[in-house]
Amino acid sequence: MKKLLLIIDPQYSFLDMGELPVKGATDRMDSLSEYVKTNSSDYDTIVMTVDYHPINHCSFKCNGGIWPTHCVQHSVGAAIYDPLLKSVYNTNKKVFALTKGDISTVEEYSIMDNHNSSKELLRIIERNDIEQIDVCGIMSRFCVLESIKGLVKSGHKDKINVLLDFIAHDDANKELIEYCKENEIKFI
């Protein structure tokens, strides 16, 4: 079975000391780094999503949004967590990084909301004959959940598994768990 590991927003801005910290995110990403090292043979492809905001992004409080300034293009906060990045690139698998939130006037929690990146992700799934998509990452109630919803809408519900041990909790994953149970999405 051909599997894809989809890692949502493993970026410095969301780590414990970042501009928009998620409690426990660093520990979860460290655990995910170890998981990738020991389980990379299970995957054919790895995709990481990246919040990649221009400095004048509409979601920032200083621009009338609800979030602190985070994941600004070309900043340390936008960078992928280095231990995870090294683990991923040492797998010798097909690795992709797809951006979202890169238009100043558009909020995009889901990778499927970004026109170019969603097309590319669907192309990756199709071209690589992906049969299973294991999803994990940071900001469960927002970016992880919304990306799962987008994959469901695109017809990939039966391929999705959620790696709950590698999701940083912004709300104890309550909404994510409820949605997955309602839609019969598996947890592994």
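Predicted model only: the values in this text are computed from it and were never measured.
For residues 90-99, no pair satisfies salt bridge (charged side-chain N to carboxylate O under 4.0 Å, His left out), with sequence neighbours left out. Among pairs with a residue in residues 77-91, those fulfilling salt bridge (charged side-chain N to carboxylate O under 4.0 Å, His left out) read Asp82-Lys86, at least two apart in sequence or across chains. Evaluation of the salt bridge (charged side-chain N to carboxylate O under 4.0 Å, His left out) test over residues 38-60, restricted to residues two or more places apart or in two chains, returns Asp51-Lys100. Residue pairs that meet the ring-ring contact (aromatic ring centres under 6.0 Å, His included) test with at least one member in residues 79-104, sequence neighbours left out, are Tyr12-Tyr81. Among pairs with a residue in residues 98-137, those fulfilling ring-ring contact (aromatic ring centres under 6.0 Å, His included) read Tyr109-Phe142, at least two apart in sequence or across chains. Note on residues 17-58: pairs passing ring-ring contact (aromatic ring centres under 6.0 Å, His included), not counting sequence neighbours, are Tyr35-Phe166, Tyr52-His74, His53-His57, His53-Phe60, His53-His70, His57-Phe60.
Residues passing the salt bridge (Lys or Arg N to Asp or Glu O under 4.0 Å) test with Glu107: none are found, sequence neighbours excluded. For Glu34, the side-chain hydrogen bond (donor to acceptor under 3.5 Å, both in side chains) partners two or more places apart in sequence, or in a different chain, are Lys37. For Lys119, there are no side-chain hydrogen bond (donor to acceptor under 3.5 Å, both in side chains) partners two or more places apart in sequence or in a different chain. With sequence neighbours excluded, the residues that form a side-chain hydrogen bond (donor to acceptor under 3.5 Å, both in side chains) with Lys159 are His156. Contacts of Thr26 classified as side-chain hydrogen bond (donor to acceptor under 3.5 Å, both in side chains), with partners at least two apart in sequence or in another chain: Asp16.
Annotation: side chain of Gln73 is in contact with side chain of Asp102 (closest heavy-atom distance under 4.5 Å).
Using a 4.5 Å cut-off between side-chain heavy atoms of Ile, Leu, Val, Met, Phe, Trp and Tyr, with links allowed through other members, Met1 and Ile125 fall into different hydrophobic clusters. A continuous path of hydrophobic side-chain contacts links Ile8 to Leu98 [ILVMFWY only; heavy atoms under 4.5 Å].
Hydrophobic cluster of Val106: the remaining members, joined at side-chain heavy-atom separations below 4.5 Å, are Ile103, listed by chain and number.
Without hydrogens or angle criteria, Ser75 side chain to Val72 main chain gives a donor-acceptor distance under 3.5 Å. Side-chain atoms of Ser59 never come within 3.5 Å of backbone atoms of Trp67 as a donor-acceptor pair (strictly under, hydrogens ignored).
A salt bridge does not link Lys181 to Glu178: none of the charged side-chain nitrogens sits closer than 4.0 Å to a carboxylate oxygen.
The minimum heavy-atom distance linking Phe14 with Asp9 is given by the pair CD1-O, 3.5 Å. Residue Cys71 comes nearest to Ser13 through the heavy atom pair N-OG, 2.9 Å, listed as atom of the first residue, atom of the second, then distance.
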